[in-house]
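A quick write-up on the structure given underneath.
Just so you know, residue 1 is the first one in the sequence shown, and it goes up from there.
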Amino acid sequence: MSVTYEEILGLFREVAEAQKETERKFQDTDRKLNQLEKLFTSQWGKLMESLIEGDLITLLRDRGILIADTTMRLKGKRLYRN
């Protein structure tokens with residue numbers, strides 16, 4: 001059985017289209033994962049803030065743990081130097 005040039009060319013086109021579809025799916029999956037990551041990190045921060053805002057400070061102070069200050073919605077990092 002011989003395969004013609006046109007048939008081979010057609011197979012290459014099919015593979016190219018399949019690769020494009022796979023790339024679109026990868027991009028969509030990546031976009032969804034990024035959205036989920038943002039949701040998780042922002043929700044995690046809000047959960048921690050709500051714990052601090054609640055009775056956690058009182059509970060820690062009652063156990064002798066000094067809380068100097070708290071900050072809501074702080075962005076960035078503090079650098080401590082020795």
Query raised in the report: Of all residues at least two apart in sequence or in a different chain, which pass the side-chain contact (heavy atoms from CB on, under 4.5 Å) check with L11?
Result: E14
Report task. Please name all residues satisfying salt bridge (charged side-chain N to carboxylate O under 4.0 Å, His left out) with R13, sequence neighbours left out, ordered by chain then number. Result -> none
Query raised in the report: Around D30, counting heavy atoms of other residues, nucleotides and ligands shown, do more than 12 lie under 6.0 Å from its CG?
Result: yes
Requested in this report: State whether K25 and D28 are salt-bridged, where the test is any N-O pair (Lys NZ or Arg NE/NH1/NH2 against Asp/Glu carboxylate O) under 4.0 Å.
Outcome: no
Query raised in the report: Does the side chain of E23 come within less than 4.5 Å of Q27's, by heavy atoms?
Result: yes
Query raised in the report: Under a 4.5 Å side-chain heavy-atom rule over Ile, Leu, Val, Met, Phe, Trp and Tyr, are V15 and I8 clustered together?
Result: no
Requested in this report: Any chance you could measure K38, atom NZ, to L33, atom CG, to the nearest 0.5 Å?
Outcome: 12.0 Å
**Report entry** Hydrophobic cluster identity match, L56 and I65, side-chain contacts under 4.5 Å
**Finding:** yes
Query - Side-chain heavy-atom pair E37, N34 within 4.5 angstrom cut-off - result: yes
Query - Spacing of I57 atom CD1 and I67 atom CD1 [to the nearest 0.5 Å] - result: 6.5 Å
